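Predicted, not measured: the structure shown is a model, and the values here were computed from it.
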Amino acid sequence: MFAEYEPIDQSEQLSPGIVIAANKKDTLLRYGILRADGKVIVQVADSRTIDCSRFKVSVMDWPLFVEDADLLLRCTESTEYSYSECLSRAEGALGTLLEGFYSILGDDFTYWCLTGSHALPDSDIYGEHLIVPFDEFGVLKAKHHAIGIEYHGVIHFTDANQTEKTKPLSGLNIGYSQYHKFVEEFGVPFIYPYQAESVGDRIIARNRAVNCLTLKGFGDYGLFTNNCEHFAIWCKTGAKDSAQVSDLIKNLSPVVIAGLMKKPHPVAITSLNNIIKGHVKSPLDALKKLF
């Protein structure tokens, strides 16, 4: 949501009205607007879940705001706007109940306090459903799905944060990649078109993706119930669905399905029928090549 940050030296005198982000191990925890009394105005969720849509604007004591944080960051856009106007908007919003799919971090609320407007998509991939088709291992027809966010970032199921990869097919979690790194790993994506989609719809999809990234609450990767296509479609529509899984189940026997569930693939499979007809003699041969 904000373009640039700089670390805060807590020994310095901080100006009321600045936007502060609490950070832990490269993960943003929460955003707030500093008050003159040292407390922070924040957007607080009724419950910290990925589908939370009800928030209240309230005051948080400084020790609670910085709890668990190993670094405090100043949003440098603050230097371009009026601190007093930012604080005035935040104070005026106190006690307000916010209904809708906001970012659980509170970055969209603090952005509005600072600028007086809601953030708009800053790139052609912001809030979009990205799809990359490819042939995995030269055998498996597959597609990888992701959601684009601001500053050409991508949120998707990935094993990029693993320090040691014992298997190419394990350890997938919702993670973040820069777009150019995403392209290097998977290829150039196309954008799946959703009919009658508004800018607001793209912002909601972005917020859903950010909530999943922040809370790690979407769950572990599962080929049939929780794959990358489930994630992207849920961010866009609020419902989990996967056409790839439907195609897969139509073409596989229960024995092969059971085998895949034990060793899930990192991306949802598209039409395994193509493998059976064009590459191998049987699904079991395909599994032997993959695993």
Ile104 side, atom CD1; Ser47 side, atom OG - distance, nearest 0.5 Å: 7.0 Å
Between NE2 on residue His145 and CG on residue Asn227, distance to nearest 0.5 Å: 7.0 Å
Separation of Ile125 CD1 from His152 NE2 (nearest 0.5 Å): 5.0 Å
Thr214 side chain vs Asn211 backbone, donor-acceptor pair below 3.5 Å: no
His156 and His144: side chain donor to acceptor below 3.5 Å: yes
Side chain to side chain contact (heavy atoms under 4.5 Å, CB included) against Glu80, all qualifying residues, sequence neighbours excluded: none
Side-chain heavy-atom pair Leu130, Val154 within 4.5 angstrom cut-off: yes
Side-chain ion pair, Arg202 and Glu128, N-O less than 4.0 Å: yes
Asp37/Lys39 ion pair, N-O < 4.0 Å: no
Atom of Leu87, atom of Pro16 and distance for their closest heavy-atom approach: CD2-CB, 4.1 Å
Linked hydrophobic residues, Val44 as query - side chain contacts closer than 4.5 Å: Ile8, Leu14, Ile18, Ile20, Leu34, Val40, Val42, Met60, Trp62, Leu64, Phe65, Val66, Leu72, Tyr83
Exercise: identify the closest heavy-atom pair between Cys212 and Phe218: SG-CD1, 3.8 Å
Partner residues of Leu28 under the side chain to side chain contact (heavy atoms under 4.5 Å, CB included) criterion, sequence neighbours left out: Tyr5, Ala21, Asn23, Tyr31, Leu73, Leu105
From CZ (Phe2) to SG (Cys75), nearest 0.5 Å: 4.5 Å
Sidechain-backbone polar pair: Lys56 side chain, Leu94 backbone, donor-acceptor under 3.5 Å: no
Ser82: partners by side chain to side chain contact (heavy atoms under 4.5 Å, CB included), with sequence neighbours left out: Ser84, Glu85
Asp9 backbone acceptor or donor facing Glu12 side chain under 3.5 Å: yes
Interatomic spacing from CZ in Arg89 to CG in Leu114 - rounded to 0.5 Å: 8.0 Å
Point-to-point distance, once rounded to the nearest 0.5 Å, from CD of Glu67 to NZ of Lys24: 9.5 Å
Asn207 and Asp108: side chain donor to acceptor below 3.5 Å: yes
Residue list, side chain to side chain contact (heavy atoms under 4.5 Å, CB included) with Ser198, at least two apart or on another chain: Asp201
Minimal non-hydrogen separation, Ile203 against Ala119, with atom names: CD1-O, 3.2 Å
From Phe231, Phe190, Tyr192, residue fulfilling ring-ring contact (aromatic ring centres under 6.0 Å, His included) relative to His129: Tyr192
Which residues share a ring-ring contact (aromatic ring centres under 6.0 Å, His included) with Tyr151, sequence neighbours left out: none
